[in-house]
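Hydrogens, waters and symmetry mates play no part in the numbers below; they use all other heavy atoms, side chains included. Every chain is numbered from 1, with letters handed out A, B, ... down the list of sequences.
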Amino acid sequence: MTTYDAGAVTLRKVRDYVWEMPKQGDMRVPARVFASEALLDEISDDKTLEQLRNATHLPGITKYAICMPDGHQGYGFPVGGVGAMDARDGCISPGAVGYDINCGVRMMTTNLTYDDVQGHEQELVESLFANVPSGLGGGGVFEGTVGDVDAILEDGVQWALRNDWAVPEDLEHCEDEGKRPDADPTAISQKAKDRGKNQIGSLGSGNHFLEVQRVTDVYDDEVADAFDLTEDQVVVLIHCGSRGLGHQTCNDYLRRIEKTHAGLLDSLPDRELAAAPAGSQLADEYYGAMCAAINFAWVNRQLIMHRTRQVFEQVFDRDWRDMEMHLLYDVAHNIAKKEHHQVGVDADGTVVADDGDAVEYETRELYVHRKGATRAFPAGREEVPPAYRAVGQPVIIPGSMGTGSYVLRGGERSMHETFGSTAHGAGRLMSRTQAKKEYRGGDVQTALREHDRIYVKAQSGATVAEEAPGVYKDVDEVVRVSDALGIGDRVARTFPVCNIKG
DNA sequence: ATGTGC
């Protein structure tokens with residue numbers, strides 16, 4: 001038996017790229033890490049595996065706790081973690097969703113080629129920077145009232161459509177058509193709404209960005225065709241979340257859950273895993289609030305995308321429709337969703353980790369927590385929009401501003417292995433503090449411009465240093481593992497042209 | 001990630 005010794009824990013190799021942490025002590029289920037040995041070396045470098053083991057203590061966790069190839073430590077629960085808790089007798093945990101509720105990415109395609117854009121990069125990056133608000137604090141493309149925020153929380157991208165910030169096809173190309181029906185705006189605090197009202201349509205800071213990219217590689221012609229992707233094509237990638245509103249909401253519910261469900265909290269190995277039992281009032285309230293914050297983040301990305309269309313109109317002096325600036329897809333990276341999944345059970349009706357041990361299958365309703373993980377539903381699932389149902393949903397995985405990004409499609413194995421999920425990005429190699437010691441923002445910018453013709457403009461030089469390409473893991477390796485596992489298949493690769501960030 | 005600590 002091949003094992004991987006990670007100090008405090010030893011992992012058993014199940015098969016290529018699949019490692020299991022056996023169930024021991026108070027663990028309710030085993031844990032599985034989906035990674036190559038090279039990525040395991042990085043995953044075992046911080047508290048990721050300890051947090052993964054802690055997550056197996058959560059009530060109702062089904063089958064196993066999951067760590068993706070880009071996993072690293074987060075608040076209580078790993079970033080790159082997936083936990084599916086029974087919606088009837090399990091729990092929901094804000095720490096397993098993340099502070100930035102519905103942090104995610106959307107990609108917009110165009111009919112422009114790299115040739116059309118070359119020579120305009122400076123003007124484009126300046127105009128994007130001037131027109132798309134970024135950085136910490138307030139200022140969005142739309143300054144609303146708390147009443148507007150309520151409507152956004154309730155209706156998601158339908159609000160944007162009513163207010164001329166969207167066209168109907170945008171809704172068809174967004175997860176859940178840009179609206180979570182379970183959203184409950186009354187479950188969002190006044191403080192969170194106040195923080196949100198002047199951040200509608202704003203990138204924020206940290207690893208959030210807007211990037212103009214060119215498609216450099218197509219790996220699957222048939223799927224790329226369905227996604228309308230071709231080599232040399234210019235696309236736009238937008239990565240941001242729910243800003244202060246989502247952060248405040250996560251914080252509000254963590255504090256309330258800690259107080260109200262102190263007994264459950266005492267049974268867990270880490271306070272940061274605080275969870276509300278399924279069926280409790282607070283579980284329903286948090287779920288309603290989280291769904292509302294999801295809607296807010298979708299509207300945020302929608303407004304940024306629509307403003308980007310206007311910037312392209314200005315720079316290229318053409319109507320955005322002529323440039324065929326269509327939303328490919330919008331995917332959430334930090335979310336919990338009630339979903340129905342088939343699980344294998346043994347003769348006693350107990351869920352088994354390995355489908356090979358199942359005597360039959362049952363369908364369960366689960367709170368699928370994806371924290372730094374992407375839904376990757378394969379062809380045929382009804383949740384995949386009609387335009388993509390024959391090939392599987394688009395999965396968008398951003399890399400760093402110097403290495404490019406990937407488009408994948410939901411893989412056939414994802415429903416069996418990972419509750420229909422795959423990785424979400426490259427994952428950090430070093431802390432922000434360490435990054436600022438290693439790099440200077442100005443030097444990073446100059447190197448990218450001179451070596452790679454990538455135009456970067458940021459509010460803060462420190463952010464450029466913190467986000468330097470060298471602070472990230474190898475996104476190629478993360479995607480290679482996803483593809484090899486069959487949970488998310490490579491479709492195309494992009495390379496940056498212009499990047500704006502906080 | 002975040003009006004960058006509680």
Side-chain angles (χ1 to χ4, degrees), chain A residues 46-48 51 70-81 93-105 133-140 143 146 149 188-200 202-210 238-256 258-259 271-272 274 289-290 293-294 296-298 300-301 304 331-336 369-374 398 400-401 424-437 441 458-467 471-472 501-502:
Chain A
D46 59 19
K47 292 189 168 151
T48 311
Q51 291 186 332
D70 53 339
H72 60 93
Q73 74 179 62
Y75 180 90
F77 190 94
V79 176
S93 172
V97 172
Y99 262 90
D100 190 0
I101 297 166
N102 193 11
C103 177
V105 286
S134 63
L136 283 170
E143 304 272 333
V146 167
V149 173
I188 301 272
S189 69
Q190 193 63 36
K191 194 173 175 185
K193 289 173 187 173
D194 277 330
R195 285 182 72 172
K197 70 183 180 205
N198 63 348
Q199 297 185 328
I200 304 160
S202 67
L203 280 174
S205 186
N207 64 352
H208 291 162
F209 62 79
L210 183 156
I238 294 162
H239 179 201
C240 61
S242 50
R243 303 294 326 276
L245 182 140
H247 189 272
Q248 186 65 46
T249 300
C250 179
N251 209 51
D252 288 343
Y253 279 92
L254 280 170
R255 299 294 90 84
R256 288 180 62 193
E258 284 166 2
K259 267 191 200 164
R271 288 189 64 78
E272 295 183 352
M290 182 196 53
I294 289 169
F296 184 88
W298 274 330
N300 191 25
R301 292 197 282 276
I304 291 169
V331 295
H333 286 166
N334 277 9
I335 208 166
H369 298 67
R370 297 189 183 91
K371 179 187 187 181
T374 315
S400 75
M401 61 183 164
H424 86 305
R428 291 192 81 82
L429 268 179
M430 65 176 87
S431 70
R432 296 183 176 278
T433 316
Q434 184 63 29
K436 278 182 280 196
K437 288 182 196 153
Q459 297 284 353
S460 144
T463 303
V464 178
E466 289 172 9
E467 295 299 316
V471 316
Y472 280 98
K501 60 207 305 97

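Summarising the geometry, the separation between OH on Tyr75(A) and P on dG5(B) is reported as 15 Å, rounded to the nearest angstrom. A straight line from CG of Leu254(A) to P of dC6(B) spans 12 Å, rounded to a whole angstrom. Computed from coordinates, the Leu245(A) CG to dT2(B) P distance equals 12 Å when rounded to whole Å. Following rounding to the nearest Å, Asp194(A) (CG) and dT2(B) (C1') show an atom-to-atom distance of 16 Å. The OH atom of Tyr99(A) sits 13 Å away from the P atom of dT2(B) (whole-angstrom rounding). Atoms CZ (Arg432(A)) and C1' (dG5(B)) sit 17 Å apart, rounded to a whole Å. Taking atom CZ of Phe296(A) as the reference point, atom P of dT2(B) lies 11 Å away to the nearest angstrom. Rounded to whole angstrom, the span from the CD atom of Glu272(A) across to the C1' atom of dC6(B) amounts to 14 Å.
No engagement by Glu466(A) is indicated, since no non-hydrogen atom pair under 4.0 Å with the nucleic acid exists. Residue Lys191(A) is classed as a base contact, given a heavy-atom separation below 4.0 Å to a base. At a threshold of 4.0 angstrom between heavy atoms, the contacts of Ser205(A) are confined to the sugar-phosphate backbone, with no base atom among them. Among the atoms of the strands shown, only primed sugar atoms or phosphate atoms (P, OP1, OP2) are found under 4.0 Å from some heavy atom of Gly206(A).
Applying the side-chain hydrogen bond (donor to acceptor under 3.5 Å, both in side chains) rule to Glu143(A) yields no partners; only residues at least two apart in sequence or on another chain are considered. Residues passing the ring pair (Phe, Tyr, Trp, His ring centres under 6.0 Å) test with Phe209(A), sequence neighbours excluded: His239(A).
Side-chain N/O atoms of Asn334(A) and Tyr99(A) include no donor and acceptor closer than 3.5 Å.
The structure places CD of Gln199(A) at 4.0 Å from CZ of Arg243(A), a figure rounded to the nearest 0.5 Å.
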